[in-house]
A.B. asks: 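First the structure, which I've put down as structure tokens, then a few questions once you've had a look.
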Amino acid sequence: METTTTDAAPGRAPIIIGAMFRAVGAYPSGWRYPGAHHDPHQDAEVIRATALEAEAAGLDYIFFGDWLATGPDLEFRDPYLAARIEPLSAVGFLAGVTSRIGLIATVNATYSDAYTLARISASVDRLSGGRLGLNIVTGAEPRAAANHGRDAHWGNDHRYDSAEELIDALRLLWDSWGDGALVADQESGVYLDPTKLHPAGFQGTHHPVAGPLNVLRPVQGHVPLVHAGTSARSRRLVHTRADLALLGLTNLTDAAAETDAVRREAAAQGRDPHEVKIITPVLPILGGTLEEAWAIHDFLVSLVPVSPGPHDGREGFPGTRSLAVLEGLIGFPLAAFDLDAEVSPEDAGAFSRGGHRLLQLVEQRSGRVPGTHRPVRWRDLLVNHLVPYNVVVGTPALVADYLQSWHEAGGVDGFNILTPYLGDQFERFTRGVIPELQARGLFRRSYSGATLRSHLGLTVPENVHEQKREQPAAVANPISAGTPV
Ligand SMILES: Cc1cc2nc3c(=O)[nH]c(=O)nc-3n(C[C@H](O)[C@H](O)[C@H](O)COP(=O)(O)O)c2cc1C
């Protein structure tokens, strides 16, 4: 499938679109859908095929999340986390498989070493021709501590102090090789100019590092940094250091307020607010018709293992929690209930506010309304409560409407697209929704440059060491204005 040459509507930044890769599907039961990829033994081929499909459609990047532990508790809610390919390995593999698409790997700052991460990231950026991005997280998984020889997962401030230092150390290391440091003159026999090989000399508490780095400067100068988190310290890291903010936004009103706040705070830090791109995850479930999309959603709901009774004691969605969850949501006790029985309009009328919000969610995702030809079952309430993402169910045109409204009214710059299961659903997005957005002038029709920074409209930062040489005062926070890409 060829992408043609005209670009997005003049004067508007095109929507940024990345594929958030989850091998066995982002919907909890996606791996059970007939024909869906469900065996991590075949992940290499699925990673390759998905990346090439995304590149053929012109997506800006493919994105790999990370989690530093596993266990049976992940089976029902997040099966894609249980056994997966490590993100930096995945992007290193794809650097040789793809040629234009950006490659973003999640790294956990709480368990990373600056020099090692600087080497790996500078190497993959050079090997990929400047297509690497790093998503810096601090982690929410307490088990990660024991997997890294620690007694406990650090508290919020400790994690973010460490993450801020890691980013500052990375940027000083990436800039080790100034312009002209490598001479490699066979005639004179001069290989390098030591005056342009800069030590990092970072004196941090968590990531002190001497440098210089033994890898040339990344093609992109600084590898673009994404940050995903939820706390106030997470927002501070976005405002002061991130190039992209990955925010879990749940509704259009909040999105507009959040995106405004991020840009305002970034400007208060002396940054160009439009140099911080705001991305949010969306999980489309696509059908040729709305009814077909609803049917796919209904089938995925039916495949999520919940039951009113004890769930043979396995962690995940034990019946007791399901029943308790539901009673908490609807605001009244339920005797033993049949998951597939219909919720009567009378019951629905007695629901709490939380229960009514859940009924709205079920209607948005499935068109189901109590007392109509598409009634609501107790199962619909329970499963839709357990699936936390922005799920949008519909045809390619309806999904494009949704993305357009979040881009225009919600103020987001782009989306991490989650796929319910890997099989036809990803192709329905790349071959259905992308052309729809291109026809509306909302998504570019070709890669305008070769690097991830060029796809994202980010400038290339100056070398912080050489910036320091031009300005006698020390650079307090090595974030520099950029030069055109
Ligand atoms: C959309 C989104 C995606 C995320 N993906 C990851 C991930 O892949 N791995 C991870 O450890 N944390 C991920 N997180 C971030 C965790 O939520 C974060 O590391 C954790 O909550 C600790 O940060 P906090 O104290 O700011 O919440 C993600 C967060 C968001 C909003």
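Since this is a predicted model, take the numbers as computed values, not measurements. Both counts, for ligands and for their atoms, begin at 1 and track the order of listing. Below, all heavy atoms of this structure are taken into account, side chains as well, without hydrogens, waters or symmetry copies. Residue indices begin at 1 and follow the sequence shown.
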A.B. asks: Determine which pairs satisfy ring pair (Phe, Tyr, Trp, His ring centres under 6.0 Å) with at least one residue from residues 414-433, sequence neighbours left out, and list them in order.
C.D. replies: Y33-Y421
A.B. asks: Checking D260 now: which residues fulfil side chain to side chain donor-acceptor pair (under 3.5 Å) with it, not counting sequence neighbours?
C.D. replies: none
A.B. asks: Got a sec, which residues hit side chain to side chain donor-acceptor pair (under 3.5 Å) with E45, two or more places apart in sequence or on another chain?
C.D. replies: R48
A.B. asks: Enumerate, one pair per line, all nitrogen or oxygen atoms of ligand 1 lying under 3.5 Å from a protein nitrogen or oxygen, stating the separation to 0.1 Å; write 'none' if no such pair exists.
C.D. replies:
unit_1	atom_1	unit_2	atom_2	d
ligand 1	8 (O)	D66	N	3.0
ligand 1	8 (O)	D66	O	3.2
ligand 1	9 (N)	D66	O	2.6
ligand 1	19 (O)	G139	N	2.9
ligand 1	23 (O)	Y160	OH	3.0
ligand 1	25 (O)	N156	ND2	2.9
ligand 1	25 (O)	R159	NH1	3.2
ligand 1	25 (O)	R159	NH2	3.3
ligand 1	26 (O)	Y160	OH	2.7
ligand 1	26 (O)	T230	N	3.2
ligand 1	26 (O)	S231	N	3.0
ligand 1	26 (O)	S231	OG	2.7
ligand 1	27 (O)	T230	OG1	2.3

A.B. asks: R236 vs E164, test: side chain to side chain contact (heavy atoms under 4.5 Å, CB included). Steps then yes/no.
C.D. replies: CA-CA 9 Å; R236 185 173 105 176; E164 288 177 356; 2.9 Å; yes
A.B. asks: Assign the ring pair H153 / Y111 to parallel, tilted or perpendicular, where the plane angle (0 to 90°) is split at 30° and 60°.
C.D. replies: parallel
A.B. asks: Kindly say whether T98 contributes a backbone atom to a donor-acceptor pair with the side chain of R131 at under 3.5 angstrom?
C.D. replies: yes
